[in-house]
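In what follows, every heavy atom counts, from backbone to side chain, and hydrogens, waters and symmetry copies are set aside. One-based numbering along the sequence shown. First listed ligand is number 1; within each ligand, the first listed atom is number 1.
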Amino acid sequence: MSDYDPNERRDTPLALKLKAQIERDGPMELGQFIGACLWDEAHGYYATKAVIGRGGDFITAPEISQIFGELLGLWAAVVWGQMGSPSPVNLFEFGPGRGTLMADALRAITRVPGFKDGLAVKLMEASHLLRALQEEGLADVGVPVAWTDRFPASEAVPAIVLANEFLDVYAPSQSIKTEEGWRWRAIGLDDEGRFQFTASRPTRLRPELDTMWPGAPLGSVYETIASHDLAEALKQMAGSDPFAALFIDYGHVESAPGDSLQAVRDHRFEHPLTSPGEADLSIQVDFADVAREMKVAGLAVDGPLTQGEFLGRLGIVERASKLMAANPAKAGEIEAGVARLMAPQGMGGRFKVIGVRSLNLPKLPGF
Ligand code: SAH
């Protein structure tokens with residue numbers, strides 16, 4: 001986490017609102033605080049800004065190279081084949097951002113005989129602003145596209161899900177080890193009315209973390225997204241039909257205590273309490289925790305692999321060479337994009353990929 005200079009803090013409209021709430025009710029659990037920073041209807045980061053891309057606050061893999069979405073489209077086509085080429089079939093994306101990944105994926109999918117015929121695209125997006133961009137970008141794709149703002153129920157149709165950088169904002173929360181045991185981490189106010197980290201009321205203990213991390217020193221932090229809710233939602237969504245999902249995100253493959261809560265505003269890191277509502281807040285995803293919850297819910301898990309390994313196995317190099325040969329004027333740009341996605345010290349190593357599937361499917365392609 002970047003250092004917190006309380007004097008750098010900004011009394012954004014949301015900061016004022018949350019301070020009033022904390023003054024009235026006492027410390028607010030971090031999960032709720034982050035939820036407000038991202039989704040407050042009037043001031044939340046995702047609720048009020050179209051944040052992704054060069055002009056936004058951060059740039060994602062599909063915005064770096066069209067090959068990313070194309071490869072995921074072809075991945076979905078192979079999964080569809082593993083499912084027995086069903087028609088109809090649903091292709092979901094969770095958190096589609098500007099809609100770029102899906103547009104690229106569908107362009108690749110068009111070349112796969114049969115897949116497009118029974119295909120319905122369904123996008124789960126909670127931001128109205130991003131949804132408007134997606135509608136624009138996907139206006140002419142030639143398949144039906146529908147939106148939902150929450151996890152869908154089972155439609156009794158085989159389903160394939162793509163999700164890039166969705167997990168890292170899916171209800172992150174933290175816990176902290178105190179004298180009384182592990183408690184939820186919370187945000188309170190210091191003597192001068194500035195935000196500060198604290199712990200939830202001692203009645204909100206988390207004894208399961210004492211079992212997980214018996215030797216953790218005081219002050220240790222453990223963080224997760226809402227993996228349990230996610231696994232339950234996927235289980236409901238899958239029903240008894242073939243189901244496969246691909247999650248790509250920054251994170252680590254083993255669970256461990258640690259504090260990775262980060263804020264990004266205008267392509268720069270800042271301390272997460274600096275400008276509530278005006279920065280993206282996220283954590284590194286604990287893929288081991290996600291995998292555990294999926295298995296408890298009765299789903300199988302493939303991976304995690306690094307993004308570099310995964311895209312390598314899907315043939316990114318071959319695809320890039322073809323594209324460069326077909327567009328010599330853009331060869332440099334294409335090569336730079338692929339290098340960025342694959343860099344072992346950068347996205348290629350920091351991002352991990354996990355596959356989740358119903359037990360009636362074999363190991364998913366690439367794993
Ligand atoms: N996948 C895109 C965008 C990643 S940013 C890309 O790679 O460029 C995260 C996306 O998830 C945004 O579209 C955001 O609005 C959406 N999102 C985050 N939490 C959500 C939730 N709980 N329900 C629906 N959409 C969500």
Undergrad: Could you pull out, from A171, G95, A47, the option with a heavy atom nearest to atom 3 (C) of ligand 1?
TA: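 Of the listed residues, G95 has the closest heavy atom.
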
Undergrad: State whether a side-chain donor-acceptor pair under 3.5 Å links S275 with R9.
TA: no

Undergrad: Heavy atoms only: which of R98, E125, E63 lies closest to atom 14 (C) of ligand 1?
TA: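 Result: the heavy atom closest to atom 14 (C) of ligand 1 is in E125.
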
Undergrad: List ligand 1 atoms under 4.0 Å from E165, heavy atoms only on the residue side.
TA: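 Close to E165: 4 (C), 5 (S), 9 (C).
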
Undergrad: Please report the closest heavy-atom contact between K17 and H43, naming both atoms and the distance.
TA: CD-CD2, 4.4 Å

Undergrad: Which of the atoms in ligand 1, numbered in the order shown and given with their element, are less than 4.0 Å from a heavy-atom of L130?
TA: 12 (C), 13 (O), 15 (O)

Undergrad: For the pair R265 and D280, find out whether any cationic side-chain nitrogen is under 4.0 Å from an anionic carboxylate oxygen.
TA: no

Undergrad: Write out the residue and atom name of the closest protein heavy atom to atom 24 (C) of ligand 1, then the distance separating them to 0.1 Å.
TA: A126 N, 3.3 Å

Undergrad: For ligand 1, which atoms sit closer than 4.0 Å to a heavy atom of T60?
TA: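 Per the distance check, 6 (C), 7 (O), 8 (O).
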
Undergrad: With a cutoff of 4.0 Å, is L101 in contact with ligand 1, counting heavy atoms of the residue only?
TA: no

Undergrad: For atom 21 (C) of ligand 1, find the nearest protein heavy atom and state the residue, atom name and distance (0.1 Å precision).
TA: F166 CE1, 3.8 Å

Undergrad: Angle between ring planes, Y222 versus W213, binned at 30° and 60°: parallel, tilted or perpendicular?
TA: tilted

Undergrad: Can a salt bridge be assigned to the pair D149 and R131 using a cut-off of 4.0 Å between side-chain N and carboxylate O?
TA: no

Undergrad: Should we say atom CD of E179 is surrounded by more than 12 heavy atoms from elsewhere, each under 6.0 Å from it?
TA: no

Undergrad: Do F310 and F367 have ring centres separated by under 6.0 Å?
TA: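 Between F310 and F367, the centre distance is under 6.0 Å.
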
Undergrad: With heavy atoms under 4.0 Å as the rule, classify the contact between A61 and ligand 1 as side chain, backbone, both or neither.
TA: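 Under 4.0 Å from ligand 1, A61 contributes no heavy atoms.
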
Undergrad: Kindly identify the option in W39, F94, Y45 whose heavy atom sits closest to atom 19 (N) of ligand 1.
TA: W39

Undergrad: With atoms numbered from 1 as shown, which atoms in ligand 1 lie under 4.0 angstrom from a non-hydrogen atom of P62?
TA: 6 (C), 7 (O), 8 (O)

Undergrad: Any heavy-atom pair between the side chains of F68 and I248 that's under 4.5 Å?
TA: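 They are in contact (side-chain heavy atoms under 4.5 Å apart), so the answer is yes.
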
Undergrad: Please work out which of the three classes, parallel, tilted or perpendicular, describes the rings of F247 and F94, given edges at 30° and 60°.
TA: tilted

Undergrad: Any idea which protein heavy atom is nearest atom 7 (O) of ligand 1, and the distance to it?
TA: N164 ND2, 2.8 Å

Undergrad: Atoms of ligand 1 less than 4.0 Å from G97 heavy atoms?
TA: 2 (C), 3 (C), 13 (O)

